[in-house]
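Numbers here simply count residues along the sequence, with the first being 1. Being a predicted model, the structure only gives us computed values, none of them experimental.
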Amino acid sequence: MPVLVLLAGLSMPAAVGTSLLVITMQATAGLFGHLPHATIDWPIILAVTALAVAGSLAGARLTDRIPARLLRTTFGWFLTAMAVLILVEQAPAAVRHALVGTAFGRMVVVAATVALALIAARHVRSCRSQAAQRER
């Protein structure tokens with residue numbers, strides 16, 4: 001999306017829509033390419049699709065009620081958490097065991113999670129207070 005905004009000159013909403021269209025086209029092409037060779041669990045696919053549509057509709061209704069900065073920040077924290085989860089899952093077995101297989105490792109993970117949550121909560125409060133000041 002930054003490329004679409006910075007280089008193509010699209011507005012942020014147009015860049016988001018364009019990005020989602022490209023992702024949809026890629027996912028559809030991938031699905032049709034794998035259909036002949038894969039076993040697909042259609043009930044799970046349909047359930048995830050239904051939840052995605054419901055989430056999109058709910059998100060569209062909430063967009064005007066939640067400050068954009070708060071959405072960006074929350075999404076950034078979500079991406080950070082997912083990146084850490086993927087790194088832990090892809091780490092060598094010894095590292096994974098040290099982090100989640102020992103009491104000390106679990107305490108470190110919990111402490112780091114709490115620290116990140118406190119930082120995120122502080123930032124969310126800051127975003128809310130700034131939004132409240134703008135409304136005045």
Exercise. Measure the OG1-CG distance between Thr74 and Leu79 for me, rounded to the nearest 0.5 Å.
Key: 11.0 Å

Quiz item: Quick one: does His97's side chain have a donor or acceptor within less than 3.5 Å of a partner on Ala93's backbone?
Solution: no

Quiz item: Do you reckon Leu20 sits in the same ILVMFWY cluster as Met25, going by side-chain contacts under 4.5 Å, direct or chained?
Solution: no

Quiz item: Same cluster or not: are Val95 and Val84 linked, directly or through other Ile, Leu, Val, Met, Phe, Trp or Tyr residues, by side-chain heavy atoms under 4.5 angstrom apart?
Solution: yes

Quiz item: If you take all heavy atoms of Glu89 and Arg96, which pair is closest and at what distance?
Solution: O-NH1, 3.4 Å

Exercise. Answer with yes or no whether the hydrophobic clustering places Val88 together with Val109; edges join I, L, V, M, F, W, Y residues whose side-chain heavy atoms lie under 4.5 Å apart.
Key: yes

Quiz prompt | Check against side-chain contact (heavy atoms from CB on, under 4.5 Å), Val114 and Leu118 | solution = CA-CA 6 Å; Val114 168; Leu118 290 172; 4.0 Å; yes

Self-check item: Minimum-distance pair of heavy atoms, taken over all atoms of Thr102 and Gly105
Solution: OG1-N, 3.0 Å

Quiz item: Is there side-chain contact between Leu31 and Ile40, with heavy atoms separated by less than 4.5 Å?
Solution: yes

Quiz item: Do Leu70 and Leu62 share a hydrophobic cluster, counting only Ile, Leu, Val, Met, Phe, Trp and Tyr and linking them when any side-chain heavy atoms are less than 4.5 Å apart?
Solution: yes

Exercise. Keeping the roles fixed (side chain from Ser19, backbone from Ala15), state whether a donor-acceptor pair exists under 3.5 Å.
Key: no

Quiz item: Is there a donor-acceptor contact under 3.5 Å from the side chain of Thr18 to the main chain of Ala14?
Solution: yes

